[in-house]
Amino acid sequence: MQPKFNRLLSGSSTPSPPSSPRRSSPRVHRRTAKLGGAVRPPPPRSLVQRVAGAVLSLLLRRQAVFLFAPLIYVGMMIFCVGTISLESMPRIISRPAPGSVYRSPQLYRRLKADMDADNSTDALATIWKHSYKGGSWQPCINMSTNELPESNGYIYIEANGGLNQQRTSICNAVAVAGFLNATLVIPNFHYHSIWRDPSKFRDIYNEEYFIHSLKNDVRIVDKVPEFIMERFGHNMSNVFNFKIKAWSSIEFYTNVVLPKLIEEKLVRISPFANRLSFDVPYPVQRLRCLANFEALQFSNPISTLADKLISRMGEKSSNGKYVAVHLRFEEDMVAFSCCIFDGGEEEREEMNAARERGWRGKFTKRGRVIRPGAIRLNGKCPLTPLEVGLMLRGMGFNNNTAIYLASGRIYRAEKTMGPLLEMFPFLQTKESLASAEELAPFKNFSSRMAAIDYSVCLHSEVFVTTQGGNFPQFLIGHRRYLYAGHSKTIKPDKRKLALLFDNKNIGWKALKRQLLSMRMHSDSKGIEIKRPNDSIYSYPCPDCMCRYNKTEALRPPQSR
């Protein structure tokens with residue numbers, strides 16, 4: 001059969017399959033129909049059109065869309081930024097997080113009238129309602145009556161830090177010496193560059209009472225005997241010094257320190273603060289309890305003046321009770337916290353200078369980022385005097401309440417103390433209660449002054465802690481030991497306070513309701529039992545105390 005050939009290819013001798021029909025738009029077909037079926041060739045395209053067509057064809061492919069779409073987006077953004085005026089663009093305003101800014105002065109000014117009108121409540125009369133729930137506690141440290149065996153040697157320690165760090169060192173030294181059957185030399189107080197107090201043991205504590213109270217448990221001497229010192233050329237630096245890690249176990253002392261002690265008959269441990277674990281066997285814990293709560297009493301000059309101040313505080317109170325506040329708003333504390341208050345540029349310069357003096361380079365080293373707002377939100381900023389006043393008035397303490405303020409030199413006291421004195425005009429300090437002559441022997445000794453504050457706070461009806469540290473932790477435990485297991489301490493939630501004091505819309509009644517709830521929480525937390533890694537200095541129950549009229553008090557120590 002004769003093949004049919006395409007008429008357009010009639011000059012060709014090789015047959016070929018028919019070509020695919022060209023795609024054309026309806027517009028081309030309509031144009032062709034108007035011209036009577038004749039198709040005119042399209043006009044030649046320019047270079048720009050050809051490039052645009054090539055790009056368009058690439059973009060129509062799936063892979064190319066994902067490849068070029070980000071590039072086109074970035075190009076369009078650059079084009080828009082270059083053509084649109086920045087002045088016409090909306091501004092994004094960054095607002096600080098609630099609670100991250102110090103606005104307590106504004107809150108005080110806004111609520112002062114309502115606060116002054118609400119002065120009828122007396123929180124001192126009704127503050128502790130949980131004191132005896134679950135039974136009372138009483139001290140039950142068993143005193144030893146046995147004779148001590150021959151000593152294995154002498155232990156000499158250096159107690160470093162401030163008043164209560166030194167107290168930790170003393171109690172740990174008693175526990176270690178008693179457990180190793182060693183003779184303890186009265187601890188030497190290391191001169192601290194910040195405290196700058198050259199006081200010796202007998203200047204702060206009653207040395208004779210300390211030795212006598214522990215005579216059946218630990219041998220204690222005021223100095224190393226001469227015949228021992230002769231072996232070391234009468235030079236303590238020739239004595240072997242142990243560098244012991246913090247929170248070491250009592251087994252470490254048995255396995256490492258004891259053999260050297262037996263061999264040398266004298267060993268030195270320096271520094272010694274926090275060098276013994278909290279979790280120790282009962283015989284070691286008992287010695288700690290005995291040292292801290294019974295044997296350590298302040299020296300006669302300190303206790304005599306403290307007793308006078310306690311009596312004067314009772315006289316200045318309408319019911320003989322007073323509130324003690326430990327205020328940590330000294331310059332070094334404000335600087336170390338890195339918080340921002342309301343002092344402006346002058347405050348910033350002062351704090352930068354104080355940080356450089358006390359901790360050279362610590363806060364300016366490369367990579368260190370300080371976020372004052374986050375610090376405040378996390379409850380790490382020290383409470384100002386104004387905030388302490390707001391808190392106590394909100395907790396129901398009226399302006400007739402007698403307040404004892406335990407503190408060092410308040411930062412910018414002439415300005416910051418004003419609002420607190422307005423809220424509590426009967427506020428006292430050791431400087432206002434004692435005469436200049438009475439304070440003269442203690443004035444230039446920070447540890448002795450702290451010991452006076454400690455004593456007056458210890459015997460207050462209410463103790464208020466505003467910042468962490470060894471001072472309030474020791475007081476909380478000591479108060480539990482004295483007051484049937486209840487610390488009688490207000491420990492505020494400073495994260496919650498930061499939010500409350502930054503609330504622009506809160507009224508006095510709502511603020512007071514929140515603060516009364518916080519006070520009740522401190523009351524319910526007053527009696528707490530020590531957990532394995534807690535400190536007996538803060539939680540003396542049950543290692544140093546027993547329940548009153550309970551069978552636990554009659555059991556031998558090993559069974560508790």
Side-chain angles (χ1 to χ4, degrees), residues 139 159 161-171 174 186-189 195-215 220 222 290-317 319-327 402-409 426-464 470-472 474-483 488 537:
L163 176 70
N164 292 288
Q165 270 186 298
Q166 291 171 347
R167 194 181 186 107
T168 303
S169 298
I170 296 166
C171 297
V174 168
I186 286 289
N188 179 51
F189 289 170
W195 285 83
R196 297 179 182 177
D197 189 337
S199 297
K200 304 300 182 185
F201 187 98
R202 64 171 53 249
D203 296 321
I204 300 174
Y205 297 104
N206 187 329
E207 188 173 299
E208 291 74 20
Y209 184 84
F210 179 71
I211 295 173
H212 177 77
S213 299
L214 295 167
K215 66 179 182 179
I220 302 176
D222 60 351
L290 185 59
N292 186 56
F293 297 114
E294 296 293 341
L296 276 178
Q297 293 188 358
F298 290 122
S299 63
N300 288 331
I302 291 174
S303 58
T304 299
L305 179 58
D307 288 344
K308 290 180 181 178
L309 301 190
I310 293 167
S311 176
R312 291 169 190 174
M313 281 303 303
E315 292 169 0
K316 293 183 179 295
S317 173
N319 54 8
K321 300 177 180 180
Y322 61 93
V323 177
V325 178
H326 181 225
L327 181 63
I403 303 283
Y404 179 81
L405 195 68
S407 174
R409 186 176 180 182
F426 293 101
L427 183 142
Q428 304 289 337
T429 64
K430 52 186 174 294
E431 288 82 6
S432 64
L433 286 173
S435 66
E437 293 76 16
E438 288 175 317
L439 276 181
F442 316 97
K443 194 70 175 178
N444 297 319
F445 302 94
S446 57
S447 291
R448 301 184 207 181
M449 295 286 272
I452 295 171
D453 278 340
Y454 186 100
S455 299
V456 182
C457 290
L458 182 63
H459 295 283
S460 62
E461 177 65 18
V462 179
F463 173 60
V464 182
N470 290 309
F471 186 94
F474 268 85
L475 266 169
I476 288 171
H478 207 153
R479 289 170 65 83
R480 284 190 170 115
Y481 191 78
L482 291 182
Y483 302 125
K488 294 190 175 182
Y537 309 123

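As the structure is a prediction and not an experimental result, all values here were calculated from the model.
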Is any side-chain heavy atom of [X] less than 4.5 Å from a side-chain heavy atom of [Y]?
X    : Y    : value
Y404 : S460 : no
K488 : V462 : no
Y205 : I170 : yes
I403 : Q428 : no
F189 : P198 : no

To the nearest 0.5 Å, tell me how far [X] [atom1] sits from [Y] [atom2].
X    : Y    : atom1 : atom2 : answer
F426 : S432 : CZ    : OG    : 13.0 Å
F201 : N206 : CZ    : CG    : 9.0 Å
Q165 : S447 : CD    : OG    : 10.5 Å

Contacts of [X] that satisfy side-chain contact (heavy atoms from CB on, under 4.5 Å) - sequence neighbours left out:
X    : answer
E437 : S435
T304 : K308
Q297 : Y209
A434 : L305, L309, R312, E438, L439

Mind checking salt bridge (charged side-chain N to carboxylate O under 4.0 Å, His left out) for [X] and listing every partner two or more places apart, or none if nothing turns up?
X    : answer
R167 : none
R448 : D203
E208 : R202

List for me each residue that meets side chain to side chain donor-acceptor pair (under 3.5 Å) alongside [X], sequence neighbours excluded, and say none if there are none.
X    : answer
T429 : E431
K430 : D453
N319 : S317
Y481 : E294

Evaluation steps, ring-ring contact (aromatic ring centres under 6.0 Å, His included), between F474 and Y537: CA-CA 5 Å; F474 268 85; Y537 309 123; 4.9 Å; yes
Residue pairs fulfilling ring pair (Phe, Tyr, Trp, His ring centres under 6.0 Å) with at least one residue in residues 438-458, sequence neighbours excluded: F298-Y454, Y454-F471, Y454-H478
Test log, rule side-chain contact (heavy atoms from CB on, under 4.5 Å), inputs Y322 and E461: CA-CA 6 Å; Y322 61 93; E461 177 65 18; over 6 Å; no
V456 versus A306, closest heavy-atom pair with distance: CG2-O, 4.3 Å
Which atom of K316 lies closest to which atom of A402, heavy atoms considered: O-CB, 4.2 Å
